[in-house]
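Notes follow the structure.
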Amino acid sequence: MNTHADIQIGHSACPHDCPSTCALDVEVKDGRIGRVHGARDNSYTAGVICAKVARYAERIHHPDRLLKPLVRAGAKGEGAWKEASWEAALDHVAEAFLKAEQAHGSEAVWPYQYAGTMGLVQRDSIHRLRHAKRYSGFFGTICTNPAWTGWMMGAGKLAGPDPREMAKADCVVIWGTNAVATQVNVMTHAIKARKERGARIVVVDVYDNATMKQSDLGIVVKPGTDGALACAVMHVLFRDGFADRAYLERYTDDPRGLEAHLATRTPEWASAICGVPVPEIEALARLVGETKRTFFRLGYGFTRNRNGAANMHAVLSIAAVTGCWQYEGGGAFHSNSGIFGLDKSLIEGHALADPAIRSLDQSQIGRVLTGDPAALHGGPPVAAMLIQNTNPANVAPEQRLVKHGFLREDLFTCVHEQFMTDTAKLADVVLPATMFLEHDDIYRGGGHQHIILGPKLVDAPGEARPNLFVIEELAKRLGVADRPGFGLSAREHLDWMLGRRGLGTFDSFREERWADVQPDFETSHFIHGFGHPDGRFRFRPDWQNTPSPDRPPESMGIQGDYARLPEFPDHVELIELADARHPFRLATSPARTFLNSSFTETPGSLKREGRPELMLHPEDAASLGLAEGDRVEIGNHRGEVVLHAKFFDGVRRGVVIAEGIWPNSAHERGEGINVLTGADAVAPYGGAAFHDTKVWVKAAG
């Protein structure tokens with residue numbers, strides 16, 4: 001730590017599920033933290049972080065944090081608890097797991113985790129226990145799958161130009177991400193390009209959000225229609241001579257076939273699908289066609305639709321048609337997750353894994369817990385769970401099924417958490433968890449190129465313990481503590497992993513704070529070829545066989561209605577289309593001061609967000625007889641939810657927006673927005689379509 005007067009400055013990394021993974025400077029005094037700042041000397045963070053993390057003291061020192069292990073003392077969900085020692089609570093959990101295993105086999109236990117922390121040790125050690133005990137596998141589908149899949153179909157490697165090159169662009173196209181709310185550093189570099197180079201900023205999204213308000217050209221599309229807009233842009237690029245034919249011949253698989261395919265994908269055709277006026281489509285195409293240094297920053301909005309993989313592939317293809325990859329400040333970027341090279345095999349226990357063990361879909365937890373044979377993949381019922389780093393009773397789709405499953409009397413659930421979340425309320429045992437400044441870990445910046453250390457800076461309150469502690473203690477009780485990877489502290493895991501990467505040890509890396517592992521220009525821009533074996537960008541993707549980090553296990557197979565995925569970039573109506581009964585389409589976009597279900601407990605975030613609201617076009621509201629602020633009920637075959645109407649003309653007619661994942665208790669009937677969202681798998685490699693929901697809307701009775 002550095003010391004200024006009586007305040008010490010500690011260094012860490014933001015652990016939350018955000019591509020920015022900001023490098024942090026943290027004020028520490030008398031064992032408590034003060035303000036949190038972005039590290040100015042980190043070239044990507046560049047001193048800028050979001051407001052919710054800047055006031056992290058509200059969260060880490062919150063009076064409602066869980067401080068002691070709790071065991072259920074009444075009916076499930078009733079809220080009656082009794083305190084227990086850690087030893088007694090862990091004994092109880094281990095006994096329940098062994099009982100489930102004896103009754104139904106090892107696959108009856110399902111360790112369930114996700115991205116509440118992105119630290120590699122604390123997040124991923126649960127897999128080591130899973131593999132050692134032959135518990136059911138976990139196929140993660142809530143976040144990245146369609147976007148990563150669509151990217152891989154075209155580029156063949158999950159990497160791209162240095163995102164700091166946005167500052168050297170003459171045009172920055174931010175497509176499918178509300179960066180002001182969800183990855184603020186994108187704006188740092190885009191606005192630098194505007195100030196220093198006069199760059200134009202283009203934003204494409206499903207509503208006029210905070211990022212679009214900072215753009216020079218804002219384009220509002222209907223949810224799930226990005227592919228139509230992308231095809232029309234490419235149609236114009238070929239039609240008006242902006243396609244870089246020399247680049248296309250050298251670097252892509254079938255440019256002539258693409259051009260012929262796009263002949264009928266005119267701006268008029270696209271406008272009828274996506275709702276964007278023809279002049280706006282023409283203007284976007286001309287801007288990116290005339291501007292060689294165009295940087296396409298593609299976000300995770302693509303993951304939220306049933307045709308998201310096809311949409312990502314179509315939008316990514318624009319950069320190949322213009323050839324902007326050739327220029328510094330040009331190309332397309334989604335995630336650098338493929339560049340880091342950190343070996344997690346010891347943390348995750350890869351040597352212990354058995355591919356014959358079934359995997360279960362994270363997003364289909366409601367179906368799994370209610371005994372759907374297809375969701376269970378022919379295996380036994382799930383009879384016991386350990387849940388870390390996630391809140392499925394709030395964030396998972398088909399929420400009524402999820403809650404019904406958790407209320408099963410024959411299901412034992414242990415939740416390791418920081419607060420009494422919706423999921424913790426339904427558990428049998430709740431264990432208090434540390435926050436990121438209270439344990440050691442390491443982080444990778446998917447939105448940039450830094451590996452950043454996050455050492456412990458303060459002691460945890462009460463009896464809160466890290467994830468690794470729980471995994472190690474359960475391993476002892478379950479008879480697998482002698483297996484490879486167990487018995488190591490977080491620092492020992494980090495020493496092993498850093499050493500394998502050639503980055504020294506925990507102590508030496510703590511002095512460095514981070515490592516910049518961005519590949520050189522030619523590698524990052526695919527100058528020597530894209531990631532497919534033939535080195536060519538694929539306009540004609542192999543939807544069933546292309547490798548991808550999110551490809552499902554062989555036992556699960558290809559997902560969704562993959563047979564309908566297009567041969568070339570196109571609009572494909574795999575989406576949940578509006579109909580006479582459900583004339584509106586709902587997107588559940590991120591709120592600026594929440595992050596999934598985190599920060600919903602902090603005073604600053606609650607004050608900023610107010611209450612759960614439904615944003616709808618004033619003309620749609622008038623047709624429904626609604627006044628501003630009215631209670632409004634929205635629903636479909638999955639359920640119904642009550643919110644308050646907020647008039648908003650920055651959305652296409654027939655589209656409604658509900659920002660943020662509020663706790664279920666914040667809603668009038670105790671049920672949150674994910675009552676309405678579906679868990680059917682997204683083609684071809686899985687996913688959850690949170691922004692792809694048909695609903696009816698009416699005044700609440």
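What you see is a predicted model, and the numbers here were worked out from it, not measured in a lab. What's counted below: heavy atoms across the whole structure, side chains too, no hydrogens, waters or symmetry copies.
Distance check: Arg652 CZ to Cys274 SG gives 7.5 Å after rounding to the nearest 0.5 Å. In this structure, Ile126 CD1 and Arg128 CZ are separated by 11.0 Å, a value rounded to the nearest 0.5 Å. Here Phe568 contributes atom CZ and Ser317 contributes atom OG; the two are 10.5 Å apart, rounded to the nearest 0.5 Å. Atom CG in Leu316 sits 5.0 Å away from atom CH2 in Trp151 (nearest 0.5 Å). Distance check, rounded to the nearest 0.5 Å: OG of Ser555 to NE2 of His377 gives 7.0 Å. Expressed to the nearest 0.5 Å, how far OG1 of Thr225 lies from CD1 of Ile273 amounts to 8.0 Å.
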Evaluate side-chain contact (heavy atoms from CB on, under 4.5 Å) for Asp550 paired with Thr141, printing each intermediate quantity in order. CA-CA 8 Å; Asp550 278 346; Thr141 53; over 6 Å; no
Side chain to side chain donor-acceptor pair (under 3.5 Å) between Thr211 and Thr177: does it pass, once the steps are laid out? CA-CA 8 Å; Thr211 305; Thr177 178; over 6 Å; no
Quick one, Asn389 with Thr117, criterion side chain to side chain donor-acceptor pair (under 3.5 Å). Give me CA distance, side-chain angles, the key distance, then yes/no. CA-CA 6 Å; Asn389 315 321; Thr117 177; 5.9 Å; no
Can you list the steps and then say if Tyr300 with His334 is a ring pair (Phe, Tyr, Trp, His ring centres under 6.0 Å)? CA-CA 8 Å; Tyr300 283 91; His334 172 61; 4.5 Å; yes
Does the side-chain contact (heavy atoms from CB on, under 4.5 Å) test come out yes or no for Val221 and Val206, once each step is laid out? CA-CA 5 Å; Val221 299; Val206 297; 4.3 Å; yes
Take Asn307 and Glu573 through the side-chain contact (heavy atoms from CB on, under 4.5 Å) test and state the conclusion after the steps. CA-CA 7 Å; Asn307 59 0; Glu573 289 192 342; over 6 Å; no
Apply side-chain contact (heavy atoms from CB on, under 4.5 Å) to the pair Thr413 and Tyr112, showing each step before the final yes or no. CA-CA 10 Å; Thr413 307; Tyr112 190 99; over 6 Å; no
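Scanning all heavy atoms of the two residues, the minimum distance from Thr693 to Leu676 falls at CG2-O, 3.2 Å. A pairwise comparison of heavy atoms in Gly405 and Leu369 identifies CA-CB, 3.6 Å as the closest pair. In plain terms, the two heavy atoms of Pro277 and Ser271 that are nearest each other are CA-OG, 3.9 Å. In terms of heavy atoms, Ile673 sits closest to Gly660 at CG2-O, 4.4 Å. The minimum heavy-atom distance between Leu577 and Lys694, with the atom names listed, is O-CD, 3.3 Å. Between Trp269 and Ala228 the shortest heavy-atom distance is CZ3-O, 3.6 Å.
Between the side chain of Ser337 and the main chain of Gly446, no donor-acceptor pair closer than 3.5 Å is present. In this structure, the side chain of Thr303 engages the main chain of Cys143 through a donor-acceptor pair within 3.5 Å. Looking at Asn636, its side chain never comes within 3.5 Å of a backbone N or O of His582 through a donor-acceptor pair. Listed for the Asp570 side chain is no donor-acceptor partner under 3.5 Å among the backbone atoms of Val572. Glu348 contributes no side-chain N or O that, together with a main-chain N or O of Asp124, makes up a donor-acceptor pair within less than 3.5 Å. Under a 3.5 Å cut-off, the side chain of His448 and the backbone N or O of Ser20 do form a donor-acceptor pair. Remark: the backbone N or O of Gly330 is not paired with any side-chain donor or acceptor of Thr294 at under 3.5 angstrom. The closest donor-acceptor contact from the side chain of His104 to the backbone of Val109 lies at 3.5 Å or more, if one exists at all. Checking side-chain atoms of Ser524 against main-chain N and O of Asp162 turns up no donor-acceptor pair under 3.5 Å. The backbone N or O of Trp662 sits less than 3.5 Å from a side-chain atom of Asn394, completing a donor-acceptor pair.
Side-chain polar atoms of Asp244 and Gln326 form a donor-acceptor pair below 3.5 angstrom. Under the 3.5 Å distance criterion, with hydrogens and angles disregarded, no donor-acceptor pair is assigned to the side chains of Tyr135 and Arg130.
Residues Asn178 and Pro590 fail the side-chain proximity criterion, which asks for heavy atoms closer than 4.5 Å. Side-chain contact between Tyr685 and Tyr562 is absent, with no heavy atoms from C-beta onward closer than 4.5 Å. By the 4.5 Å heavy-atom criterion applied to side chains, Glu107 and Leu360 are not counted as neighbours. Using a 4.5 Å cut-off on side-chain heavy atoms (C-beta onward), Pro163 and Asn336 make contact. Side-chain contact between Met312 and Trp148: absent, with no pair of heavy atoms (C-beta onward) separated by less than 4.5 Å. Side-chain atoms of Trp175 and Ile219, non-hydrogen and from C-beta on, never get closer than 4.5 Å to each other. The shortest side-chain heavy-atom distance between Arg123 and Lys344 falls under the 4.5 Å cut-off. The closest side-chain heavy-atom distance from Trp543 to Ile558 is not below 4.5 Å.
Classification of the Tyr251-Phe530 ring pair by plane angle, with boundaries at 30° and 60°, yields perpendicular. By the 30° and 60° cut-offs, the orientation of the rings of Phe537 relative to His313 is parallel. Using cut-offs of 30° and 60° on the angle between ring planes, the pair His131 and His350 is perpendicular. Using bins of under 30°, 30° to 60° and over 60° for the plane-to-plane angle, the ring pair Phe138/Tyr114 lands in the tilted bin.
Under the 4.0 Å criterion applied to side-chain N and carboxylate O atoms, Arg256 and Glu249 are assigned as salt-bridge partners. Under 4.0 Å is where a charged nitrogen must lie from a carboxylate oxygen, and between Asp692 and Arg306 at least one such pair does.
Around the CD atom of Glu554, the shell of radius 6.0 Å holds no more than 12 heavy atoms that belong to other residues, nucleotides or ligands. By the 6.0 Å contact criterion, CZ on Arg250 is open, its count of non-hydrogen atoms from other residues, nucleotides or ligands being 12 or less.
Taking Arg358 as the reference, Ser136 meet the side-chain hydrogen bond (donor to acceptor under 3.5 Å, both in side chains) condition, with sequence neighbours excluded.
For the side-chain hydrogen bond (donor to acceptor under 3.5 Å, both in side chains) criterion with Glu671, the lone passing option out of Lys403, Arg400, Gln399 is Arg400. For the salt bridge (charged side-chain N to carboxylate O under 4.0 Å, His left out) test with Glu576, the passing option among Arg638, Arg585, Arg304 is Arg638; the others fail.
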